[in-house]
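In what follows, a structure is listed as structure tokens, so that the remarks can point back to it.
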Amino acid sequence: MTNKKVAVIGAGIGGLSAAVRLQKLGYQVSLFEKENQVGGKMNQINEEGFKFDVGPTIVMMKDIYEEVFEFAGVDPNDYLPFEKVDPAMKLYFDQNKSMKISTDLPDLIKNLESISEEDANGYLKFLSAMYDRYLVAKNHFLTRSYRSFRDFYNWSSLYNGLKLKTLSDAYSSISKFVKDENLKKSLAFQTLYIGISPYQGPSLYNIIPMIELFYGIYYLKGGMYTVAKAMEKLFKQLGGEVYLNSSVDEIVIENKKTEGIRINDKILSFDDVVCDADFPYAVKNLIKNKKYKGKYTDKKIEKMEYSCSCFLLYLGLDKKYEVDSLHTIHFAKDFNKNIDDLFKNNRLPDDPSYYIYVPSKMDDSVAPKDNEAVYVLVPVPELSKFDDWSDASIKEYRNLILDKIKSETNFKDIDEHIIYENHYTPKDFEIRFNAYNGATFGLKPTLMQSNYYRPHNKYNYADNLYFCGSSTHPGAGVPIVMQGAKLAVEELLKDEG
Ligand SMILES: Cc1cc2nc3c(=O)[nH]c(=O)nc-3n(C[C@H](O)[C@H](O)[C@H](O)COP(=O)(O)OP(=O)(O)OC[C@H]3O[C@@H](n4cnc5c(N)ncnc54)[C@H](O)[C@@H]3O)c2cc1C
């Protein structure tokens, strides 16, 4: 038991996870969130009978979600009503060519053999190779944090780093196992989950499709926001305090020691601060004294590379449709060009790939009876690459996406049945959640922005300050951010001896 007081900045999933753990450990934790509800990108729009998850929708690595509840000494089943999703996903390469990603092995093999036995064999070998890499990543990189050069540059890390074979890009690495172009795409697009190109992103991220298949994809009644609300409830039950509509203006540091936070003119003293607000935003805006920015000068932050962002449409429809999967991906006709538009040409793709999520297929609590709640996500460049999100360009892009949906999916008459509509652009992610450059997945996980080279969970340039969240180690995605929060808490405990 300790009487120490900790401030957590930001009630995204990172801040919530850190807050629950610290409160359980006996700290007195105050959680400050600028918005009027918790969750950060894991937010919810709840209007006119429709509930839409704002950001994350795909639950992977369920064990990591459960672990924080177990750590707090409660049964995760009492908080998280998981339901397995099978088929996990449906992919459309064009209107007539689709593939069901099933976690049922006979089903999966049947689908693969319909392409060729050779590719079915290659696919299985790919999964086995990725499982090898996953074990290395899990045991040596995801579950440990870095403070000093030596933590990374030691024989064990270097040896295991080589085993990750991370120097090649995701697409080339897949091409060594399978020949069919669509099958390659089906294993490559998942790098977009963390906002990086499959043609450039390190091949380590090929473990994502393996994780989907081996560990399954889940849905939570009420949508992903159920996780944020469950964590808030647990934190309060443990005695933690949540302050909403409380935007922190400064992390107060004196003589290299973090003394607390400032909100408007009020300085609040704390023994430690854990910051879940996006790292580049936080260092640039909340740390005022240049001395304590260390190598993260404003110039360096501007020059770092950022993941892509997303344009989202949230549509409430007064009609039920034939929806064959909770999660559906529709690939651009020219996927290569689509990716180039996002990461090289810095323009809005005119023939984009898009993702459709229809939670009302599984859950009647998210839409009125006989209505459908539809979420459409389109990857777009982050704001330093493209920032024309005027009302006119939003309208134009929205219409382009709806035309594609009408001609390529079962939602043929969707525009006649929209009774509620909302959208998020990269600007909304920047304004609402302080996501730097509106980059929805934070700093891009290039080799030079990963592991030791990603911002550390223990801040190097001031004491008693810790960071979690997508732009810090180990990276983006709900379970990975939860893992980062755990590492930040472990670093704080290490400092306490
Ligand atoms: C559209 C989209 C789809 C996604 N899909 C998936 C998916 O399917 N599966 C998955 O696992 N992941 C997905 N992700 C990624 C995942 O949502 C994120 O990696 C994760 O939610 C980030 O959590 P975080 O705590 O790092 O950041 P955030 O959620 O951004 O939390 C940071 C919090 O800090 C607050 N804050 C900022 N500045 C201040 C301040 N000065 N004072 C007080 N509070 C402040 C913000 O308001 C915010 O609440 C998706 C993300 C997006 C945007």
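All residue numbers refer to positions in the sequence shown, counting from 1. It should be emphasised that the depicted structure is a prediction, and the values quoted were computed from it without experimental measurement. In listed order, ligands and their atoms are each counted from 1.
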Between Tyr27 and Asp271, does any side-chain donor sit less than 3.5 Å from a side-chain acceptor? no
Going by atom types alone, do Tyr420 and Glu47 pair a side-chain donor with an acceptor below 3.5 Å? yes
When you measure from atom 44 (N) of ligand 1 to every protein heavy atom, which one gives the shortest distance, and what is it? Lys34 N, 3.2 Å
One thing to verify: whether Asp324 and Lys100 come together as a salt bridge, which I'm taking to mean a side-chain N less than 4.0 angstrom from a carboxylate O. no
What do you reckon, does Tyr65 have a nitrogen or oxygen under 3.5 Å from a nitrogen or oxygen of ligand 1? no
Looking only at protein heavy atoms, identify the closest one to atom 20 (C) of ligand 1 and say how far it is in Å. Ile13 CG2, 4.1 Å
Check if Pro479 has a non-hydrogen atom at a distance under 4.0 Å from any atom of ligand 1. yes
Ligand 1 atoms in contact with Gly469 (distance to a heavy atom under 4.0 Å): 26 (O)
Could you check whether the rings of His327 and Tyr357 sit parallel, tilted or perpendicular, using 30° and 60° as the cut-offs? parallel
Salt-bridge present (Glu67, Arg21; N to O < 4.0 Å): yes
Pi-cation contact, Tyr225 with Lys51 (under 6.0 Å, within 45°): no
Would you mind listing which atoms of ligand 1 come within a distance below 4.0 Å of any non-hydrogen atom of Ser246? 42 (N), 43 (C)
Do Asn245 and Asn36 meet the criterion of a side-chain donor-acceptor pair at a distance under 3.5 Å? no
Is the ring pair Tyr375/Tyr314 parallel, tilted or perpendicular, if the boundaries are 30 and 60 degrees? perpendicular
Tell me, please: is Ala435 in heavy-atom contact with ligand 1, that is, under 4.0 Å? no
Does any N or O atom in Glu35 lie less than 3.5 angstrom from one in ligand 1, N or O only? no
Min N/O separation Thr440 to ligand 1 under 3.5 Å: no
Using a 4.0 Å heavy-atom cut-off, say whether Phe32 meets ligand 1 through its side chain, its backbone, both or neither. backbone
Strictly under 4.0 Å, does any heavy atom of Tyr243 approach an atom of ligand 1? no
What is the nearest protein non-hydrogen atom to atom 39 (C) of ligand 1, stated with its residue, atom name and distance? Asn434 ND2, 3.7 Å
I'd like to know if the side chain of Lys444 reaches the main chain of Ile196, judged simply by a donor and an acceptor atom lying under 3.5 Å from each other, with no hydrogens or angles considered. no
Does the plane of the ring in Tyr459 sit parallel, tilted or perpendicular to the ring in Tyr461? Use 30° and 60° as the thresholds. perpendicular
List every atom of ligand 1 that sits less than 4.0 Å from any heavy atom of Gly55, numbering the atoms from 1 in the order shown and giving each element. 1 (C), 2 (C), 3 (C), 4 (C), 52 (C)
Assess Tyr424 for proximity to ligand 1: is some non-hydrogen atom of it under 4.0 Å away? no
The atoms of ligand 1 lying under 4.0 Å from a heavy atom of Leu377, numbered in the order shown, are 1 (C), 3 (C)
Give the residue and atom name of whichever protein heavy atom lies nearest to atom 35 (C) of ligand 1, and the separation in Å to one decimal. Glu33 OE1, 3.4 Å
Enumerate the atoms of ligand 1 whose separation from the nearest heavy atom of Gly40 is less than 4.0 angstrom. 29 (O), 48 (C), 49 (O)
Taking the six-membered ring for Trp, are Phe279 and Phe467 parallel (under 30°), tilted (30 to 60°) or perpendicular (over 60°)? perpendicular
Quick look: Leu312 vs ligand 1, heavy-atom contacts under 4.0 Å, and the answer is side chain
Of the side chain and backbone of Ile9, name the one, both, or neither that has a heavy atom under 4.0 Å from an atom of ligand 1. side chain
With nothing but distance in play, are any N or O atoms of Val248 less than 3.5 Å from an N or O of ligand 1? yes
Check each of Ala476, Ser470, Gly14, Gly477 against atom 26 (O) of ligand 1 and report the one with the nearest heavy atom. Ser470
I'd like to know if the side chain of Glu35 and the backbone of Gln37 have a donor-acceptor N/O pair within less than 3.5 Å. no
Note: Lys229-Glu232 ion pair, threshold 4.0 Å (strictly below): yes
Filtering Val54, Asp276, Val38 for the heavy atom nearest atom 32 (C) of ligand 1 leaves Asp276
Where the closest heavy atom to atom 16 (C) of ligand 1 is concerned, which of Ile64, Ile431, Val478 has it? Val478
Parallel, tilted or perpendicular: which fits the ring planes of Tyr243 and Phe32, with parallel below 30° and perpendicular above 60°? parallel
Could you find the nearest protein heavy atom to atom 13 (C) of ligand 1 and give me its residue, atom name and distance? Pro56 CB, 3.4 Å
Do Ser365 and Asp363 pair up side chain to side chain, a donor and an acceptor below 3.5 Å, judged on atom types alone? yes
Using the ring of each side chain (for Trp, its six-membered ring), is Tyr424 parallel, tilted or perpendicular to Phe433, with breaks at 30° and 60°? parallel
Of the side chain and backbone of Val481, name the one, both, or neither that has a heavy atom under 4.0 Å from an atom of ligand 1. side chain
Suppose I only count heavy atoms of Tyr375 and a 4.0 Å limit; which atoms of ligand 1 are within that range? 1 (C), 3 (C)
Quick one: does Asp428's side chain have a donor or acceptor within less than 3.5 Å of a partner on Thr425's backbone? yes
Option with minimal heavy-atom separation from atom 34 (O) of ligand 1, where the choices are Ala7, Gly10, Cys468: Gly10
Should Ile58 be counted as touching ligand 1, given the test is an N or O pair under 3.5 Å? yes
Does only the side chain of Arg432 get under 4.0 Å from ligand 1, or the backbone, or both, or neither? Count heavy atoms. backbone
Is Lys62 positioned over the aromatic face of Phe82, cation under 6.0 angstrom from the ring centre and no more than 45 degrees off axis? yes
Using a 4.0 Å cutoff against the non-hydrogen atoms of Phe429, which atoms of ligand 1 qualify? 53 (C)
What residue among Tyr354, Phe189, Tyr355 forms ring pair (Phe, Tyr, Trp, His ring centres under 6.0 Å) with Phe331? Phe189
Would you check if the side chain of Thr258 reaches a backbone N or O of Asp272 as a donor-acceptor pair within less than 3.5 Å? no
Please state which protein non-hydrogen atom is closest to atom 29 (O) of ligand 1 and give its distance, to 0.1 Å? Lys41 N, 2.8 Å
With a cutoff of 4.0 Å, is Tyr281 in contact with ligand 1, counting heavy atoms of the residue only? yes
Ligand 1 contact by Ala485, heavy-atom criterion under 4.0 angstrom: no
Close N or O approach (Phe441, ligand 1; < 3.5 Å): no
Which atoms of ligand 1 are found less than 4.0 Å from any heavy atom of Gly39? 29 (O)
Atom 31 (O) of ligand 1: nearest protein contact (heavy atom, Å): Gly12 CA, 3.2 Å
